[in-house]
Number of protein chains: 2
Amino acid sequence: MRSAEFNKEQVLRAAMTAFMEKGYAKTSMQDLKAVTGLHPGSIYCAFQNKRGLLLAALEQYNRDRGEELQGLFSQHTSARAGLAAYMTHVVDECVSCDPQKLCLTQKALNELAEQDEEAQAILSEQCAMWRNALCSVFERIAEQGELTGTRSPLDRARSLIVSIYGLRTFAHTHPEPQVMRDLGTQILKDVCQ
Amino acid sequence: MRSAEFNKEQVLRAAMTAFMEKGYAKTSMQDLKAVTGLHPGSIYCAFQNKRGLLLAALEQYNRDRGEELQGLFSQHTSARAGLAAYMTHVVDECVSCDPQKLCLTQKALNELAEQDEEAQAILSEQCAMWRNALCSVFERIAEQGELTGTRSPLDRARSLIVSIYGLRTFAHTHPEPQVMRDLGTQILKDVCQ
DNA sequence: TCATATCTTGAATAAGCATTCAAAAACTAA
DNA sequence: TTAGTTTTTGAATGCTTATTCAAGATATGA
């Protein structure tokens, strides 16, 4: 007889940034109350508990990143050019040192994979979706004849994911932006070879 | 007039495993008391506080891994063979799914880099040490004439670190062991090319 | 306009946390 | 043996935490 006042996506995006900046364990309900504008009761009503809010935020983050990736690639007719733009985007995020541009999937994977089976299952599936998306990209690049070597698109997708995870971790030590850009270029070269 | 009863290295190694399994935030003083066998007072006397224990554990971990790496390479006259053995070792750790074989440096980097400047500084320096060690390895491989291409040893060292970070993160999604081994092989190939 | 169902509010709860401290124990040197 | 110093011990402290819940507010349907 009465619908909720808050916008669920908006709340989840606010929660996402809090979890990205502080990590799951260090983000308190008080923090979440502050960033979402929701009182504890409402959070518990809508998401069960703090963990439920995290799991919902993980799903929202994955949807958002999926759309972002699709939008980025739709701007390029050449799949290879799309991949280069994607790599540049990732490197820019790394170089920005903005805690809100960390990858929540990766952050959660590192914090929770060994502790929370359900979270791990969600993250594994999200990783698989990402891998499949990149696999399609490599298939398109292959069709357009811009791939050297004999590696399968799936292998290449996996290698690219590994490299992007690594790049994001490496960025925590604040290397020079030029170093990050060079690493990005090299990754692209290796993965298309 | 009285020396401490506990062995500092032993205590730090116990703390290391606790931090690796649960992360810093979720490891309670009670956990640390349990794994180290030390009462709170002793921990605070020896390491100031929980954070001090973490920083000391990080240093110990770095020393241990440095020796491990040196030991591994000293078993091979060919630097290239040493590198292959090192890669196999990392892949085996990833495949084992043993939380105690996670890399504490990487775990701490992901959890604390944006939150604790001092920890970040320590971790950055450790990363630099690791980079330098791998750089020397690539210099030796180059001297032995087993390197294709024109990339500098430093670039190669950085790429390898990125790949290993990525491999460890990727492993949290439990890919098949054969996939992990193939990724390791590909990384070696790319980095020596 | 009123009844009803639902959401919002925020104080209360209880458990867990890092940290402190004073008393007890134990090693060392004389 | 004894005095002196340091470590060990673990209960106490005060704070923070996630979660609950009952009262109040508000939109909807009759």
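Atom set for the values below is all heavy atoms of this structure, side chains included, hydrogens, waters and symmetry mates excluded. Here is the naming used below: chain letters follow the sequence lines, and residue numbers restart at 1 for every chain.
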Indicate yes or no: does A/K107 engage B/E111 in a salt bridge with an N to O separation below 4.0 Å.
-> no

When you measure from the side chain of B/Q144 to the backbone N and O of B/A79, does any donor-acceptor pair fall under 3.5 Å?
-> yes

Whole-Å distance separating the CG atom of A/L53 from the C1' atom of D/dT19 | 14 Å

Looking at B/R13 and B/D64, does any basic side-chain N land under 4.0 Å from a carboxylate oxygen?
-> yes

To the nearest angstrom, how far is A/M29 atom CE from C/dG16 atom P?
-> 18 Å

Rounded to the Å, how far apart are B/K50 NZ and C/dT19 C1'?
-> 12 Å

B/S/- along nucleotides 8-16 of chain D (protein heavy atoms under 4.0 Å) is SBB------

Report the relative orientation of the aromatic rings in B/Y165 and B/W130; use parallel for angles under 30°, tilted for 30 to 60°, perpendicular for over 60°.
-> perpendicular

Atom CZ of A/F47 and atom C1' of D/dT19 are separated, to the nearest Å, by 16 Å

Are A/R51 and A/D116 ion-paired here, with the side-chain N under 4.0 Å from a carboxylate O?
-> yes

Check: B/D182 side chain, B/V179 main-chain N or O, donor-acceptor pair, under 3.5 Å = no

Rounding to a whole Å, what distance do you find between B/Y44:OH and C/dT20:P?
-> 7 Å

Rounded distance (Å) that lies between atom P of D/dT19 and atom CG of A/N49 = 5 Å

